[in-house]
Amino acid sequence: MRIVLAALALVAAAGCSVAGAAGGTGKTKLVIGYQSKTINTVTAGTLLRSLGYLEKRLGDKYAVEWQDYDTGAPITAKMVAGKIDIGSMGDYPLLINASRTQNVPAARTELISITGYNLRGGLNMVVVPPASNARTLADLKGTKVSASVGSAGHGTLVQALEKAKVTGVEVVNHQPAVGASQLESGGVQAYAQFVAWPGLLVFQDKGRLLYDGSALDVPTFHGVVVRQAYAKEHPDVVDAFLKAQIDATRYLHEHPLAAAESVAKVTGLPPEVVYLYNGPGGISTFDVMLKPQLKAAHEHDVPYLKRIGTDFGGVDVSAFVNDSYLRKAYGPAYDKDVASTANPARITGTDPVCGGAAGDPRTASELWLEGAATTQPAASPTCLLRQIAAAKSKVRAAYVPDTVTGTRWFADHAVWLKEGANFLPFTTQDGADAYRAGHPKAEPITYDAALKEAGA
């Protein structure tokens, strides 16, 4: 499969930085490009903006302008033109950003922090219509799949198809919202996208998960880039931005429901979808540090971008990554904390039905009841089913981890198996089938039947 990446205008010229007086106010202008609906970037975008942490740190000296986009491509185009100073985007767009700017001194960028990541790749997924007969990637042969070419979702699709040795798939380049409409109308037969689009379509009953990116077992992430020239001229701004991002990350960890509600209000996304990704034990791990696993993933991704785009010239990842600003902003604990990959936001508390702690991230589940100010922890998916069966209020959302990959998913959209007295959830039919191949005593069961048996 050969896809030509959408061209980005190289309009850069020395001295075209947006830094300078803002509208005669005497303040220095800082322009930030972000993606409000890409909720893996909220600590450098939507949530950070709503909390006002950056403006508070910068004080009256700077005027901050936030520019919202659907994907990373237009952010990169404006950074190349010197019209955006700081931007956040996914792993593949970050590489394209580096490639477009590395030979333009005035526009050259550096990766200075991470917003969130999933070490197995679960932030990117492939969705099909609910009534589709497709059960595996092999069933997509001869079909059209919508993707934003050059995005993280597109990269996962290409790698997954190659790993599964599936050919004959036509990729159609769409913005995420357009692709979602095409999936619903039948213009395409599948949809490969990044957070939060797959979860949104499934939550709205407009899609069914066909492929969980966690099956690829390749880290995926979003990060923050800054124009190198701007950072050298305004190191105080970069320091303030990173400290504000750290503050926003801490807020998300300490106030997950409030953060989800805040992001939902701004973006129009359902809070239940935001919480699927950004809540405790969520699909995304929010951590600012530039971990070696993520740098290695970038190195791994470079050859794929070279194959799917004739205008991608490659990237020196080591030169692109600069953790010096983050080390200064984070403090002396950086070296110790960068080695950890444990999710700082985990489901905790006592299971109100089964009893005991809900502390094991491999099984911990969560119930969000209508009208409740807090969620209920569950020690396991089986205990969660028991809680739902006993609930007196309407279920707003229920979350379970995939039995093998750990990907958090909606309980009522999971594929369920019963093995002995335990009920086991999976994000996809393919995942459940693979598990059954090694566990012959595991039997398929519907969600409704599992609820009934668990509550008996």
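Just so you know, these numbers come straight off a predicted model, no measurement behind them. Computed over heavy atoms, backbone and side chain alike; hydrogens, waters and symmetry mates excluded.
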Would you check if the side chain of [X] reaches a backbone N or O of [Y] as a donor-acceptor pair within less than 3.5 Å?
| X | Y | result |
| --- | --- | --- |
| Asp212 | Thr427 | no |
| Tyr277 | Gly199 | yes |
| Thr41 | Ala44 | no |
| Gln387 | Pro377 | yes |
| Thr46 | Val42 | no |
| Arg120 | Ala215 | no |
| Ser151 | Ser148 | yes |
| Ser99 | Leu95 | no |
| Lys141 | Val169 | no |
| Ser262 | Ala258 | no |

Side chains of [X] and [Y]: donor-acceptor distance under 3.5 Å anywhere?
| X | Y | answer |
| --- | --- | --- |
| Lys295 | Ser318 | yes |
| His222 | Thr115 | no |
| Thr407 | Asp402 | no |
| Gln376 | Glu366 | no |
| Gln189 | Ser132 | no |
| Glu419 | Tyr435 | yes |
| Gln182 | Glu184 | no |
| Lys291 | Thr341 | no |

Any ion pair linking [Y] and [X] (charged N to carboxylate O, less than 4.0 Å)?
| X | Y | value |
| --- | --- | --- |
| Arg396 | Glu261 | yes |
| Asp139 | Arg135 | no |
| Asp247 | Arg57 | yes |

On the 0 to 90° scale, with breaks at 30° and 60°, tag the Phe410-His413 ring pair as parallel, tilted or perpendicular. perpendicular

Minimum heavy-atom separation for [X] and [Y], please, with both atom names.
| X | Y | result |
| --- | --- | --- |
| Val274 | Ile39 | CA-CD1, 3.5 Å |
| Val338 | Leu290 | CG2-O, 3.8 Å |
| Thr71 | Pro176 | CG2-CD, 3.8 Å |
| Ser214 | Thr405 | CB-CB, 3.7 Å |
| Phe221 | Asn40 | C-ND2, 4.2 Å |
| Thr428 | Val415 | C-CG2, 3.7 Å |

Is it true that Tyr34 and Tyr69 have ring centroids separated by less than 6.0 Å?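 Between Tyr69 and Tyr34, which both carry aromatic rings, the centre distance is not below 6.0 Å.
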
Do Trp368 and Tyr275 make the cut of ring centroids closer than 6.0 angstrom? yes

Approximate separation, where rounding is to 0.5 Å, of [X] [atom1] and [Y] [atom2]:
| X | Y | atom1 | atom2 | answer |
| --- | --- | --- | --- | --- |
| Thr109 | Arg100 | OG1 | CZ | 11.5 Å |
| Ser393 | Ile388 | OG | CD1 | 12.5 Å |
| Ile114 | Asp91 | CD1 | CG | 9.0 Å |
| Ile75 | Ser88 | CD1 | OG | 5.5 Å |
| Leu137 | Asp430 | CG | CG | 7.0 Å |
| Thr220 | His298 | OG1 | NE2 | 8.5 Å |

Go through Glu110 and Tyr325 one step at a time and tell me if the side chain to side chain contact (heavy atoms under 4.5 Å, CB included) criterion holds. CA-CA 10 Å; Glu110 295 176 320; Tyr325 295 105; 4.0 Å; yes

Less than 4.5 Å apart, any side-chain heavy atom of [X] and any of [Y]?
| X | Y | result |
| --- | --- | --- |
| His174 | Ser146 | yes |
| Lys206 | Leu183 | no |
| Leu367 | Val395 | yes |

Asp335 CG: over 12 foreign heavy atoms closer than 6.0 Å: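 More than 12 within 6.0 Å, yes.
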
Who pairs with Asp68 by side chain to side chain donor-acceptor pair (under 3.5 Å), at least two apart in sequence or on another chain? Ser36

With sequence neighbours excluded, what pairs up with Glu443 under the side chain to side chain donor-acceptor pair (under 3.5 Å) test?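 By the side chain to side chain donor-acceptor pair (under 3.5 Å) rule, Glu443 matches no residue at all.
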
Test Val288 against Leu242 for side chain to side chain contact (heavy atoms under 4.5 Å, CB included), laying out the working first. CA-CA 8 Å; Val288 300; Leu242 291 173; over 6 Å; no

Between Arg307 and Glu162, does the salt bridge (Lys or Arg N to Asp or Glu O under 4.0 Å) criterion hold? Intermediate values first, please. CA-CA 12 Å; Arg307 289 210 295 274; Glu162 180 178 287; 2.6 Å; yes

Cation-pi, Tyr399 ring and Arg408 (6.0 angstrom, 45 degrees): yes

